[in-house]
Amino acid sequence: NLEQQNAVGEALKTYKNSAETFLKDYEAMLAYYKDGTYKTDISQVTIIDETIHADYSAFIEVNNTLVSTLEQYVAAGI
């Protein structure tokens, strides 16, 4: 049904965007350590840590929303 498609579609879109944000920032963190920038510029450690933590927390929240949205339709047998 259209309501289900819209609800699941929006939840998946939000999930994808959140995952992309997390992965982009995670890749930046990996580059920071891999290229050794942390050895000469330690100032970014706290910023990177806080960003990764915020991204991960947001992703978990979005994931839980997606699970709840899907659960509504599975439980209802739709």
Side-chain angles (χ1 to χ4, degrees):
N1 83 29
L2 186 57
E3 178 186 338
Q4 177 185 7
Q5 289 176 354
N6 289 338
V8 172
E10 280 301 311
L12 284 169
K13 181 178 165 184
T14 303
Y15 179 88
K16 178 183 174 281
N17 291 340
S18 183
E20 287 174 345
T21 297
F22 175 76
L23 291 174
K24 176 185 66 75
D25 290 336
Y26 190 80
E27 286 174 357
M29 179 198 68
L30 291 177
Y32 175 76
Y33 286 105
K34 185 175 182 177
D35 68 15
T37 304
Y38 70 96
K39 294 176 184 176
T40 57
D41 182 12
I42 195 96
S43 67
Q44 296 299 305
V45 171
T46 299
I47 295 167
I48 290 171
D49 183 57
E50 290 171 351
T51 300
I52 294 295
H53 179 73
D55 289 349
Y56 182 75
S57 295
F59 179 72
I60 293 301
E61 186 176 321
V62 166
N63 180 71
N64 291 342
T65 299
L66 174 61
V67 168
S68 294
T69 301
L70 292 172
E71 191 175 58
Q72 290 173 343
Y73 297 107
V74 170
I78 297 175

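We number each residue from 1, following the sequence as shown. Values in this document were obtained by computation on a predicted structure and should not be read as measured data.
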Is there a continuous path of hydrophobic side-chain contacts, each under 4.5 Å between heavy atoms, that joins M29 to I47? no

Considering only heavy atoms from C-beta outward, does the side chain of T21 approach that of D25 to under 4.5 Å? yes

Write out all pairs satisfying side-chain hydrogen bond (donor to acceptor under 3.5 Å, both in side chains) with one or both partners inside residues 58-69, taking only residues at least two apart or from two chains. none

Residues forming a side-chain contact (heavy atoms from CB on, under 4.5 Å) with L23, sequence neighbours excluded: none

Between atom CG of N17 and atom CG of L12, what is the distance when rounded to the nearest 0.5 Å? 11.0 Å

Taking S18 for its side chain and T14 for its backbone only, find out whether a donor-acceptor pair lies under 3.5 Å. no

Considering only distance and modelled atom types, tabulate donor-acceptor pairs under 3.5 Å from the side chains of residues 53-60, sequence neighbours left out.
unit_1, atom_1, unit_2, atom_2, d
S57, OG, H53, O, 3.0

Please enumerate all residues that pass salt bridge (Lys or Arg N to Asp or Glu O under 4.0 Å) together with K16, with sequence neighbours excluded. E20

Considering residues at least two apart in sequence or located in another chain, which fulfil the side-chain contact (heavy atoms from CB on, under 4.5 Å) criterion with Y38? Y32, Y33

Straight-line distance of Q72 CD to Q4 CD, nearest 0.5 Å: 10.0 Å

Across all chains, not counting sequence neighbours, the side-chain contact (heavy atoms from CB on, under 4.5 Å) partners of L2 are Q5, N6

Can V67 be reached from V8 by stepping across I, L, V, M, F, W or Y side chains whose heavy atoms are under 4.5 Å apart? no

Any pair counted as salt bridge (Lys or Arg N to Asp or Glu O under 4.0 Å), so long as it reaches residues 32-53, sequence neighbours left out: none

Just jot down the side-chain contact (heavy atoms from CB on, under 4.5 Å) partners of E3, sequence neighbours excluded, or say none. N1, Y73

